[in-house]
Amino acid sequence: MRVFSLFALLLLASCTSSPGGGNNAGGNGSTNPPPRGRIQHTEEEAEKFVRRFEGLRAGLVNYYNPTKVELVSREFTAETVVFRLNNTGDTGAFHTAAVDLAAELAEKLWRHTTAEHEFVVESHLAIVKVQSIGIPAGSRAGDHIPVAMRLTGNASDVHGGYVYATPLRNRLGKVVAVLREGYLPFDVDKMPADEVTAEMRADAKNLERRESATGPWYLLRKGVQLAGDVSADDLSADQIILPLERVIDRVFETDVVVRTLSAEYIPDVLRDIERQMREQGLPVKAEHNQDKLVITPLGVREVPLSQVYERIAELRVDIRPKTRMIIVFDDALFRVAIYGAPNLRFMLGDVALTTDPFTRDKPGVAPYQLPFRVSCRVLERAKPGRSGKYGVTTDEERERGVVNDGSKGRVRLAWSRWKDGRQIAEKTEELDTADLSEILRHMWVRGAGPREILSFVIEADSSYAINAELGFNHHKIDPNRLEGR
């Protein structure tokens, strides 16, 4: 994942300008340094700026490219005629079209029914398009599935109409389901109360009128049955495909694209997606296929694939680092957030920071000499004890009298502060910890600002002194903005 870190570095460098316009003179620092008056170099402020978390919960949409999402809808449809309507059917030219279609379907499908004897009185029949709401993966032959019924003419209602058995086919012509013969539910609200039975009232719930931008349509919950089993692995199943990539910048008119979700987090994210969608009553099967998440809705549902995707786009998922920490720089929240268990945060090697890495190799820009410079040398690496806790004891454990063995390591910090080209303070200290977050907080108290904290992490990552992923959400960080808070 060094490529990931490199892209993160390119991103940070591309959106950052040299402080004061880049007119640096040798080692004298910027002639117009960014404002620092609002920053308080206290332990309290250090803890607010350098935050630590075991894991993060973030929007799933952060980790895929929403412009390249694929909704693979393998819909099946049928066009049929509803008969015996009570003056709510098609009229005029639409009635003529309905009669012609009825004659055609009677010849092809309904030869052994009474359809050919139906009266063709105007406004007593209407053309409807029956559409699948979604392939119900995991369903079996004979299962009832909900479908959408849309009026294609000028009819106003289909309640109480009579339909004949009509096959619903997919784009390949395969019969996927069948509209059963019989009466559609009646609109009991328009019937005399004394004529409505309990059975009719229950049946009325199976046909619901809904409004959309293209006009009214009807949700028929029962009345259509599957012709065969639909496996979750069936090529006919609906799918939502999320590409695990983000465009983080454009270089020479070419998009810089990075993979957003490391393989170690994929299993937990898949389980989290399945759990949350199941709790919402829309179960799905979530799988990882190369650089994509493939999500297959399961079972019978009453919402179209687009609405299933809308629910998925709103999910927040848990990310729990297992092998390396995640470091997110966020200039909106004004903080550096380090995610991962304590054992992932320890320094592995030495770091020397004098010049700003964002301007060091920038063409035409003199390297910016940082006002706070530091050298960090690891004297002793962290070691776990029998507890496996590296000497880290939580507040809860401390209250219970638990003391974890092991060592957090030891580092030597040699730091100096500069102003107007002159060194104004320096010191060498040894810290009984190699925890990156504690080192950064110590640097803050000694005078390091947001830019130096950010630069130190970049240097540590590029020299393999830490094991981390940077810019996990691909935030574009502006250190100048950080300085101005």
Side-chain angles (χ1 to χ4, degrees), residues 73-135 142 144-188 190-191 203-204 206-228 236 302 304-305:
S73 179
R74 310 186 197 272
E75 66 176 18
F76 46 94
T77 63
E79 195 172 48
T80 191
V81 177
V82 180
F83 298 91
R84 308 178 195 178
L85 295 171
N86 186 16
N87 295 314
T88 60
D90 291 330
T91 61
F94 293 112
H95 168 70
T96 302
V99 171
D100 291 343
L101 179 59
E104 180 183 341
L105 294 176
E107 176 65 23
K108 291 181 178 179
L109 302 174
W110 306 328
R111 291 183 179 181
H112 304 294
T113 69
T114 59
E116 58 183 314
H117 304 297
E118 290 281 359
F119 293 105
V120 288
V121 180
E122 189 164 317
S123 81
H124 283 200
L125 67 164
I127 298 177
V128 295
K129 184 175 184 180
V130 185
Q131 293 177 287
S132 62
I133 292 178
I135 292 284
H144 289 275
I145 60 171
V147 294
M149 300 186 75
R150 301 181 186 275
L151 295 165
T152 62
N154 61 354
S156 59
D157 200 351
V158 297
H159 277 97
Y162 192 89
V163 293
Y164 289 93
T166 307
L168 280 72
R169 303 177 184 273
N170 61 18
R171 295 176 183 174
L172 300 178
K174 177 184 176 181
V175 175
V176 180
V178 177
L179 173 66
R180 294 186 306 161
E181 181 176 344
Y183 280 101
L184 297 174
F186 289 89
D187 187 350
V188 295
K190 296 181 179 180
M191 297 175 60
D203 187 47
N206 290 322
L207 186 64
E208 179 183 316
R209 180 185 172 101
R210 294 189 175 183
E211 301 293 334
S212 69
T214 57
W217 60 282
Y218 294 85
L219 172 65
L220 179 62
R221 291 190 169 90
K222 291 185 178 180
V224 173
Q225 289 182 300
L226 283 176
S236 64
E302 294 186 1
L305 194 63

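Quantities reported herein were computed from a predicted structural model and do not represent experimental measurements.
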Gap separating the CG atom of D100 from the CG atom of L105, nearest 0.5 angstrom: 11.0 Å
Please find the pair of heavy atoms, one from D90 and one from A126, that lie closest to each other, and give the distance. OD2-CA, 3.3 Å
Working to the nearest 0.5 Å, report the span between CZ of R209 and CH2 of W217. 12.0 Å
Heavy-atom check, side chain of L226 versus side chain of V176, under 4.5 Å: yes
Rounded to the nearest 0.5 Å, what separation is found between the CD atom of E79 and the CD atom of E104? 9.0 Å
Is a donor on one side and an acceptor on the other found under 3.5 Å between the side chain of D187 and the backbone of G160? no
When rounded to the nearest 0.5 angstrom, what is the spacing between CG in D203 and OH in Y183? 13.0 Å
For V128, which of T166, V158, L179, T152 qualifies under side chain to side chain contact (heavy atoms under 4.5 Å, CB included)? V158
If I take atom CG from residue N86 and atom NE2 from residue H159, how far apart are they, to the nearest 0.5 angstrom? 13.0 Å
Side chain T88, main chain S156, donor-acceptor under 3.5 Å: no
Of all the heavy-atom pairs spanning G153 and F94, show the shortest one and how long it is. CA-CD2, 3.5 Å
In short, G92 meets E122 closest at the heavy-atom pair N-OE2, 3.2 Å
Residue that, paired with V82, satisfies side chain to side chain contact (heavy atoms under 4.5 Å, CB included) out of L184, D157, L125: L184
Do you know the tightest heavy-atom contact between R210 and E208? NE-OE2, 3.0 Å
For the CE atom of M149 and the OG1 atom of T80, what is their distance to the nearest 0.5 Å? 7.5 Å
On a heavy-atom basis, which atom in N87 and which in S123 lie closest, and how many Å separate them? OD1-OG, 3.2 Å
With heavy-atom distances below 4.5 Å as the criterion, would you say the side chains of P167 and L109 are in contact? yes
Where do N206 and P185 come nearest, in terms of heavy atoms and distance? CB-CG, 4.1 Å
For the residue pair Y164 and W110, does the interplanar ring angle fall in the parallel (under 30°), tilted (30 to 60°) or perpendicular (over 60°) class? tilted
